[in-house]
Amino acid sequence: MDGVTVVDHVLLGRLLSILRDRETSHRVFRETMTDAALILGYEAMRGLRSAEVRLQTPLEETAGLRLADEVFVVAILRAGLGLVDGFLRLVPEARVGHLGMYRDEEALRPVGYYENIPAGVEDAEVFVVDPMLATGGSGRQAIARLKRAGAQRLHFVCLVAAPECIEAVRGAHPDVPITTAVIDRELDSTGYIRPGLGDAGDRIFGTDR
């Protein structure tokens, strides 16, 4: 699918199986999500621009690389927080933003309630993270909000996506690439991805609906 990268890696597939398993504890779920985010982040950030620097090894001067642009990781609250640490392992200096949204269970639409976007978003590489690309409403709304703030280089990263939701996000924002671990079968009548992995937020934080 154009603009969509499905990360085909045996280690990520193994981690995804742990996340899908209903018997996985909250602690293991959180730890596994961080490990999965590291692999997803590695793939999603392949296109980052670099700049050359000079450095001194113990033996001589040589050329090295640094990132040419700032990296922002913007979590869609609350479940998106589960992916942030994996990205920060790769780019510890990345700045973290937050967009708070909850799902209206009747209309199956996102309702915004909080936002904190670091200054300088217009010049940064911005990675919007959320474990599930389900109805697509939160993703579309988050991207639109960041574009209004001036973001130009946006990427959406998730663990699990439904085909119709990918189409919805790509239809609204064809310039924003999507990186995911898997595209599942479908979205059910209640807005959950099948087979999915349940409510990622509840499983991360040990809460119940």
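Computed over heavy atoms, backbone and side chain alike; hydrogens, waters and symmetry mates excluded.
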Quick one: list whatever passes ring-ring contact (aromatic ring centres under 6.0 Å, His included) with H98, sequence neighbours left out.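 Expected list: none.
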Using 0.5 Å steps for rounding, measure from the [atom1] atom of [X] to the [atom2] atom of [Y].
X: L16; Y: D21; atom1: CG; atom2: CG; answer: 11.5 Å
X: L19; Y: E31; atom1: CG; atom2: CD; answer: 11.5 Å
X: L146; Y: Q141; atom1: CG; atom2: CD; answer: 11.0 Å
X: L40; Y: E43; atom1: CG; atom2: CD; answer: 8.5 Å
X: H26; Y: I204; atom1: NE2; atom2: CD1; answer: 11.0 Å
X: D35; Y: L38; atom1: CG; atom2: CG; answer: 7.0 Å

Is it the case that the side chain of R203 and the backbone of L197 share a donor-acceptor pair, with hydrogens and angles ignored and the cut-off at 3.5 Å? yes
Mind checking whether [X] and [Y] have side chains closer than 4.5 Å, heavy atoms only?
X: V157; Y: T180; answer: no
X: L90; Y: M45; answer: yes
X: M132; Y: C158; answer: no
X: V126; Y: Q152; answer: no
X: I178; Y: T5; answer: no

Under 30°, 30 to 60°, or over 60°: which ring-plane class applies to F127 and F87, parallel, tilted or perpendicular?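 Because their plane-to-plane angle lies in the 30° to 60° range, the rings of F127 and F87 count as tilted.
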If every non-hydrogen atom of A162 is compared with every non-hydrogen atom of I183, which pair is closest and at what distance?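 Closest pair (atom of A162, atom of I183, distance): C-CG2, 4.4 Å.
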Where is the tightest heavy-atom contact between F29 and T24, given as atom of each residue plus distance?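 Taking every non-hydrogen atom into account, N-CG2, 3.7 Å.
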For residues 164-175, which side-chain N or O atoms pair as donor and acceptor with protein atoms under 3.5 Å away, sequence neighbours left out?
{"residue": "E164", "atom": "OE2", "partner": "L187", "partner atom": "N", "Å": "3.0"}
{"residue": "R170", "atom": "NE", "partner": "D2", "partner atom": "O", "Å": "3.3"}
{"residue": "R170", "atom": "NH1", "partner": "P174", "partner atom": "O", "Å": "2.8"}
{"residue": "R170", "atom": "NH1", "partner": "V176", "partner atom": "O", "Å": "3.0"}
{"residue": "R170", "atom": "NH2", "partner": "D2", "partner atom": "O", "Å": "3.4"}
{"residue": "R170", "atom": "NH2", "partner": "P174", "partner atom": "O", "Å": "3.2"}
{"residue": "H173", "atom": "ND1", "partner": "K147", "partner atom": "NZ", "Å": "3.0"}
{"residue": "H173", "atom": "NE2", "partner": "R140", "partner atom": "O", "Å": "3.2"}
{"residue": "D175", "atom": "OD1", "partner": "K147", "partner atom": "NZ", "Å": "2.9"}
{"residue": "D175", "atom": "OD2", "partner": "K147", "partner atom": "NZ", "Å": "3.3"}

Check side-chain hydrogen bond (donor to acceptor under 3.5 Å, both in side chains) between [X] and all other residues, then give those that pass, not counting sequence neighbours.
X: R185; answer: none
X: D184; answer: R20
X: R66; answer: none

Assigning hydrophobic clusters by single linkage (Ile, Leu, Val, Met, Phe, Trp, Tyr; side-chain heavy-atom cutoff under 4.5 Å), is [X] placed with [Y]?
X: L15; Y: V10; value: yes
X: Y113; Y: F205; value: yes
X: L12; Y: I18; value: no
X: I39; Y: L48; value: yes

Could you give the side-chain donor-acceptor pairs of residues 68-83 under 3.5 Å, partners two or more places apart or in another chain?
{"residue": "D69", "atom": "OD1", "partner": "R49", "partner atom": "NH2", "Å": "2.9"}
{"residue": "D69", "atom": "OD2", "partner": "R49", "partner atom": "NE", "Å": "2.9"}
{"residue": "D69", "atom": "OD2", "partner": "R49", "partner atom": "NH2", "Å": "3.2"}
{"residue": "D69", "atom": "OD2", "partner": "R153", "partner atom": "NH1", "Å": "3.1"}
{"residue": "E70", "atom": "OE1", "partner": "R95", "partner atom": "NH1", "Å": "3.4"}
{"residue": "R78", "atom": "NH1", "partner": "T207", "partner atom": "OG1", "Å": "3.0"}
{"residue": "R78", "atom": "NH2", "partner": "D202", "partner atom": "OD1", "Å": "2.5"}
{"residue": "R78", "atom": "NH2", "partner": "T207", "partner atom": "OG1", "Å": "3.3"}

Check the pair I117 / R145 against side-chain contact (heavy atoms from CB on, under 4.5 Å), numbers first and verdict last. CA-CA 10 Å; I117 302 170; R145 177 64 192 92; 4.3 Å; yes
Evaluate D199 against Y192 for side-chain contact (heavy atoms from CB on, under 4.5 Å), listing each step before the verdict. CA-CA 8 Å; D199 187 297; Y192 279 88; 3.8 Å; yes
In terms of heavy-atom contacts, does CZ of R54 have more than 12 from other residues, nucleotides or ligands at under 6.0 Å?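 Above 12, so yes.
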